[in-house]
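Encoded as structure tokens, the structure appears first; notes follow it.
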Amino acid sequence: MPESDPAVTFDRMAHDREVPRDSPVVAAMKWAMHALFALLLVVGTIRGAQEAAHPVPLVIGCVLLGAWYLLGVVAEGRSRSLGIAWFAVLFIGWVGLVAASTALSWVAFALFFLALHLLPKPFGLLAAAAGTAVVVTAQLRSPGTAAVPSVLGPCMGAIVAVGMSWLYRQLRAESEQRRQLNAELVAAQGDLIATHDALSGAQREAGRLDERTRVARDIHDTLAQGFSSIVLLSRAGLSGSADAERLRDILTRIEQTASEGLGDARTVVHALTPPQLDHAPLVAALGRLVERQTGRTRVEFVTDGAVASLPTTTEVALLRIAQGALANVRQHANAQRAVVTLTADGLAVRLDVRDDGDGFDPDRPIVPSQQGGYGIAAMRARTEEAGGLFDIVSAPGEGTTVRAEIPLPRGGAR
């Protein structure tokens with residue numbers, strides 16, 4: 001497998017170090033556990049204050065226990081060892097309050113959930129058993145309390161807490177597994193996109209090299225050989241030893257070789273010409289291009305002035321610019337109507353592609369990405385390579401006009 005990008009690897013490591021987010025169900029159960037502790041503590045404090053001979057110390061102890069619990073909630077997830085130490089202090093404080101008033105015994109049910117959540121499973125069960133023993137002892141010490149309910153009640157509560165804690169652990173583990181699976185899928189998608197881009201780049205590079213090799217071979221086998229023959233014949237004619245008939249023969253052979261080279265050059269150029277221009281001039285090719293447009297945008301083609309035969313390079317450039325502009329209209333403009341106008345005045349030929357779409361700010365830099373952004377740069381490059389001028393007129397909500405003007409050979413560039 002190819003080595004991964006160090007930057008991508010660092011991002012994944014940073015992502016793995018993030019605190020996992022609980023699912024809505026797990027988060028709801030966690031807040032329900034906090035609410036249960038607060039409710040039981042408040043009820044126990046009120047009842048204990050009503051029953052105690054000296055309620056003030058009891059209320060202060062309950063407030064301190066609640067503050068300690070709140071501190072643990074705020075610092076949740078910082079360190080597992082600190083969490084265990086926090087629970088130990090909370091448990092000891094609760095035992096002290098139970099010794100002062102049995103009304104706080106039922107806070108044990110919330111502590112059971114905490115013990116089974118924070119501690120390793122054996123120690124969590126041991127803490128639940130110890131808490132149950134504290135509650136049973138406190139209940140049995142109360143005068144007028146039946147023994148059987150005092151024992152069965154806390155034991156059944158502990159069993160329910162163990163079952164609920166097991167369910168909470170299962171839901172949390174499933175949530176973490178889904179999070180990890182989603183992170184792996186996102187990472188795999190990124191790798192797939194990077195591999196696809198690398199493969200596409202390699203294919204484009206291979207195609208470019210193959211095309212260069214083919215063109216170089218064709219030029220070497222045709223034009224270069226013809227030029228070589230012309231050079232040799234010219235040197236023979238300039239040697240001064242040839243008579244008039246011999247010179248005439250040399251010039252004839254030079255003319256024949258040059259004619260053959262011209263034909264070969266046209267063949268090479270024809271091979272590089274878009275197939276839309278094989279049997280039709282630019283006007284017909286643009287007309288067919290407009291007819292093939294599909295989608296919600298209605299496209300029209302208009303010519304202004306007599307468009308005579310144009311150089312092949314000019315026709316290729318204008319056809320490719322029209323294709324790119326219409327592709328942008330189809331993908332980004334959200335337009336109802338677009339008009340392609342070809343204008344010629346004897347000095348230059350101009351192509352306008354205007355739409356009534358969303359428009360954009362042409363002064364805002366467009367950064368090429370996987371979603372596009374290469375079309376405008378390609379159209380501008382083609383126009384400038386042909387010696388012309390390229391311009392875009394647009395504004396948000398006011399449509400877009402793409403304009404390319406290329407001078408004709410005899411008219412000169414404007």
Side-chain angles (χ1 to χ4, degrees), residues 197 200-201 204-205 207-208 211-212 215 269 272-277 281-283 285-290 292-293 295 297 299-305 307 310-335 337-345 347-409 411-414:
D197 291 343
S200 299
R204 287 194 298 268
E205 182 65 17
R208 187 178 66 84
E211 183 66 13
R212 290 181 60 182
V215 173
V269 171
L272 300 177
T273 302
Q276 295 93 331
L277 299 174
L282 178 62
V283 174
L286 289 175
R288 290 199 304 270
L289 175 64
V290 170
R292 289 197 302 268
Q293 298 300 309
T297 305
V299 184
E300 302 176 7
F301 176 54
V302 179
T303 58
D304 185 7
V307 181
L310 302 174
T312 302
T313 54
T314 302
E315 290 187 341
V316 171
L318 292 175
L319 179 62
R320 295 305 190 206
I321 293 169
Q323 290 173 331
L326 290 177
N328 284 345
V329 171
R330 184 172 60 254
Q331 297 174 9
H332 308 295
N334 192 27
R337 180 173 178 265
V339 179
V340 179
T341 304
L342 185 65
T343 306
D345 58 6
L347 298 178
V349 59
R350 189 177 69 208
L351 176 71
D352 295 312
V353 180
R354 184 176 68 257
D355 67 76
D356 59 357
D358 297 337
F360 66 101
D361 183 6
D363 296 330
R364 180 175 57 87
I366 300 177
V367 180
S369 64
Q370 296 174 2
Q371 287 74 32
Y374 296 93
I376 294 179
M379 289 186 285
R380 187 182 302 276
R382 287 186 182 277
T383 306
E384 293 176 351
E385 288 174 359
L389 300 175
F390 181 83
D391 187 26
I392 294 180
V393 179
S394 182
E398 298 183 6
T400 303
T401 299
V402 175
R403 177 171 300 164
E405 183 175 357
I406 300 177
L408 297 178
R414 294 192 299 175

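Hydrogens, waters and symmetry mates play no part in the numbers below; they use all other heavy atoms, side chains included.
Q293 has its side chain out of reach of V329: every pair of non-hydrogen atoms, C-beta onward, lies at least 4.5 Å apart. Put simply, the side chain of V299 reaches to within 4.5 Å of the side chain of T297, judged on heavy atoms.
Annotation: the span from N328 atom CG to D355 atom CG amounts to 9.5 Å, rounded to 0.5 Å. Atom CD1 of I406 sits about 9.0 Å away from atom CG of L310, to the nearest 0.5 Å. A distance of 11.0 Å separates CD1 of I392 from CG of D361, quoted to the nearest 0.5 Å. Between the CG atom in L318 and the OG1 atom in T313 there is a gap of 9.5 Å [rounded to 0.5 Å]. The CG atom of D304 sits 9.5 Å away from atom CG of D352, with the distance rounded to the nearest 0.5 Å. R320 CZ to M379 CE: the interatomic distance, rounded to the nearest 0.5 Å, is 13.5 Å.
Pairing each heavy atom of G387 with each of P407, the nearest pair is O-CD, 3.3 Å.
Residue pairs meeting the side-chain hydrogen bond (donor to acceptor under 3.5 Å, both in side chains) criterion with at least one member in residues 390-401, sequence neighbours excluded, are S394-T400.
The backbone N or O of A348 lies less than 3.5 Å from a partner atom in the side chain of D345, making a donor-acceptor pair.
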Worked check of side chain to side chain contact (heavy atoms under 4.5 Å, CB included) between L289 and F301:
CA-CA 9 Å; L289 175 64; F301 176 54; over 6 Å; no
